[in-house]
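Right, one structure below, let's go through it.
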Amino acid sequence: MEITTTENNGIQVVAFNGKIDTNTAPEVEQAFVNLLDAGQAHLLANFENLSFISSAGLRVLLATAKKAKLQSGGLKVCCLNETVQEVFDISGFATILQVFATQEEALNA
Amino acid sequence: MADQKDKPVILAVDDTPENLDVVKGLLVPEYTVKAAPNGKIALKIAEAQAPDLILLDIMMPDMDGYEVCRRLKSNPQTADIPVIFLTAKGETSDEAEGFDLGAADYILKPVNPPILRARVKTHLALKQNMDALQQTTAALARAKERMEKELNVGRRIQLSMLPSSQPDDDAFTVAATMRAARQVGGDLYDYFFINPSKFCICIGDVSDKGVGASLFMAVTKTLLRAHASNDTSTASIVTRINDDLAVDNETCMFVTMFLAICDLHTGNVRYTNAGHNPPFIKRADGEVESITGIHGPVAGAMEGLAYKQSELQLKQGDLLFLYTDGVSEAMNAKDELFKEKQIADKLFKLPGNDPAQSIEMVLGAVDEFAAGCEQSDDITMLGFRFEADTQAAAQHSIELTLINQLSEIDRINDSFNEFAENSAVPLGVSLKINMVFDELLNNIISYAYEDQDAHTILVRIDLISTRLVIIIEDDGVPFNPFMREDPDTEASLEERSIGGLGIHLVKKVMDEVSYKRHFDRNRVTLTKQLDD
């Protein structure tokens, strides 16, 4: 799992390369916690290179979204592949989180 | 009083009072004698309470003795009372008429006292024996009826133990029939899936017929189901069945068996023959082969035997034909046997290789051969035609094992991805399967074990034409992940309710999910169709 964070107009764009599952979820959670601890609560998860996400990953996204909101920020996600989109649809996360087709749209929203 | 009651009652009928007095004088006090002066009164007395014997005069005014006898015989209430004509009519034709009417005897007047006493005694004894015989016959008939009722219940139970539905599967067609020689039989057949890619077929014949054999058959069948549920080696299954049957087998019954397990993608068949008749294969090209090997003696006879197994290869359209000796040893009126060769001939002539048709044809031939001779043994047949195209299906299975550590999930997903790539599983599907493995294996590793020991988890993946079948087995605590409510401890309930999301995902992305506790193992089976 490769996690790259870049800043774009005050939004922290976190890009993932790999999968978010039981084994990588703690790593992902730590990356978000580090940003939130540093006062960065405007977050965008870019899933362009994410192969799949399991419920362990969904839990991390949920926890992160809640914390970001408490810090007056939020968690957006973009660039979901078909499998990840399906998981978001099935789990209802597509309505809990703000989902965008491209990073561009997410940043401008 | 009691004495009087026990005395046989004789009704004497005569219009001459003196004659009645003579009879009374001869038969009292040995018998109770009732007297009637004419036929009308005699019939009344007889109908009111049937005497044990009637002495009947023939020549009487109004109604003669013949008419009285005719009426007595036509009334079921009095028909069985022996009638002795006591008359002065001495013509042979008179005597004949009396016997024609159903009289027991014919005595001429004037009576000879010793002869009258002797004949009365004889006919009373005869009547007593007749009555006893009738009672016994009636009791026997009732007992027989009861037994037949019981046997019919047994028959229904036995038939209900046979597979009733045809599995609907593209990879094979199966058909079977059993015709017991008596209400219940000692033959058995069975077929069932051991797992989605292994299909088990079996035929057997218990050493005897009737109730004992049917009970032994039921035990054998139960053992087969139990031992084959988690075992795909026919040698090991038959070895275990034999051991279980042989223990405390005081009746010394035994069963011949042919057990086969077919791999539905490869057509490979493992089989064990325990003293059973050699089955046939009718190849798709018309060739008929006999499967002659024997891998051990009849099952149940001796404990501790290690049965062997062989393998054979079925191709698309090949028919495996199993039968019991009720077929090969069916007899005709000349005591000739139907013989194996005639089965082979029939199969050879069968145009297609349809299992049901093959059975019908052989059964028809047996019936024609026996030509109405009573069926002496149970007749059972099973046909299995392999339908899968082994060329197209090739080898698309892997079996993986992991130990209960979360880091192992990656290795399983890597192995699966390699398999998926080789088997041209679409990426969208394999990513979902990756997620499914993460959910289910994580669940097992995190929650299934109460100890700290290392446990092995088995993962089997089969691609059957365009259907992906995944089996995950663990030896953890019994737990059905697909049940919503979990009656576990509170801490883990909380954990699992969070994990419920993962199970929800699994259910949604797979086509079918099922759970079964197999002895001491949890078995989850998942299927996913690729071409949608």
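Worth saying up front: this structure is predicted, and the values here are computed from it rather than measured. Convention: sequence-line order gives letters A, B, ...; per-chain numbering from 1.
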> Do B/Asn434 and A/Ser51 have side-chain heavy atoms sitting under 4.5 Å apart?
Replying inline: no

>> So that I can tick it off, tell me whether B/Lys432 and A/Glu86 are bridged by a salt bridge, with the cut-off set at under 4.0 angstrom between side-chain N and carboxylate O.
In response: yes

> Between B/Leu427 and A/Thr83, is any pair of side-chain heavy atoms under 4.5 Å apart?
Replying inline: no

Side-chain atoms of residues 22-34 of chain A: list all donor-acceptor pairs with protein atoms under 3.5 Å, sequence neighbours left out, distances to 0.1 Å.
unit_1: A/Thr22; atom_1: OG1; unit_2: B/Asp438; atom_2: OD1; d: 2.8
unit_1: A/Thr22; atom_1: OG1; unit_2: B/Asp438; atom_2: OD2; d: 2.9
unit_1: A/Thr22; atom_1: OG1; unit_2: B/Asn442; atom_2: ND2; d: 2.8
unit_1: A/Asn23; atom_1: ND2; unit_2: B/Leu406; atom_2: O; d: 2.9
unit_1: A/Thr24; atom_1: OG1; unit_2: A/Lys19; atom_2: O; d: 2.8
unit_1: A/Thr24; atom_1: OG1; unit_2: A/Asp21; atom_2: N; d: 2.9
unit_1: A/Thr24; atom_1: OG1; unit_2: A/Asp21; atom_2: OD1; d: 3.2
unit_1: A/Gln30; atom_1: NE2; unit_2: A/Asn34; atom_2: OD1; d: 3.0
unit_1: A/Asn34; atom_1: ND2; unit_2: A/Gln30; atom_2: O; d: 3.4

>> Given 3.5 Å as the limit, does a donor-acceptor pair link the side chain of B/Glu439 with the main chain of A/Ser55, or not?
In response: yes

> How many angstroms lie between CD in A/Glu82 and CG in B/Leu431, if you round to the nearest 0.5 Å?
Replying inline: 9.5 Å

>> Using a 6.0 Å cut-off, check whether atom CG of B/Asp170 has over 12 heavy atoms from anything other than its own residue.
In response: no

> For the residue pair A/Ile90 and B/Lys508, what are the closest heavy atoms and their distance?
Replying inline: CG2-CG, 3.3 Å

> Can you tell if the side chain of B/Val436 reaches within under 4.5 Å of the side chain of A/Phe52, non-hydrogen atoms only?
Replying inline: no

> Got A/Ser91 and B/Leu505 here, is their nearest side-chain heavy-atom distance under 4.5 Å?
Replying inline: yes

>> Does A/Glu7 have more than 12 heavy atoms from other residues, nucleotides or ligands lying within 6.0 Å of its CD?
In response: yes

> Are more than 12 heavy atoms from other residues, nucleotides or ligands located less than 6.0 Å from atom CD of B/Glu311?
Replying inline: yes

Under 3.5 Å, which donor-acceptor pairs do the side chains of residues 466-476 of chain B form with other protein atoms, sequence neighbours left out?
unit_1: B/Thr466; atom_1: OG1; unit_2: B/Gln529; atom_2: NE2; d: 2.4
unit_1: B/Glu473; atom_1: OE1; unit_2: B/Arg521; atom_2: NE; d: 2.7
unit_1: B/Glu473; atom_1: OE2; unit_2: B/Arg523; atom_2: NE; d: 2.8
unit_1: B/Glu473; atom_1: OE2; unit_2: B/Arg523; atom_2: NH2; d: 3.1
unit_1: B/Asp474; atom_1: OD1; unit_2: B/Gly476; atom_2: N; d: 2.8
unit_1: B/Asp474; atom_1: OD1; unit_2: B/Asn522; atom_2: ND2; d: 2.9
unit_1: B/Asp475; atom_1: OD1; unit_2: B/His455; atom_2: ND1; d: 3.2
unit_1: B/Asp475; atom_1: OD2; unit_2: B/His455; atom_2: ND1; d: 3.3

> Is it the side chain or the backbone of A/Ile20 that comes within 4.5 Å of chain B heavy atoms, both, or neither?
Replying inline: neither

> Would you say A/Glu105 has more than 12 foreign heavy atoms packed within less than 6.0 Å of its CD?
Replying inline: yes

>> If you count every heavy atom of other residues, nucleotides or ligands that lies below 6.0 Å from A/Asp37 atom CG, does the total exceed 12?
In response: yes

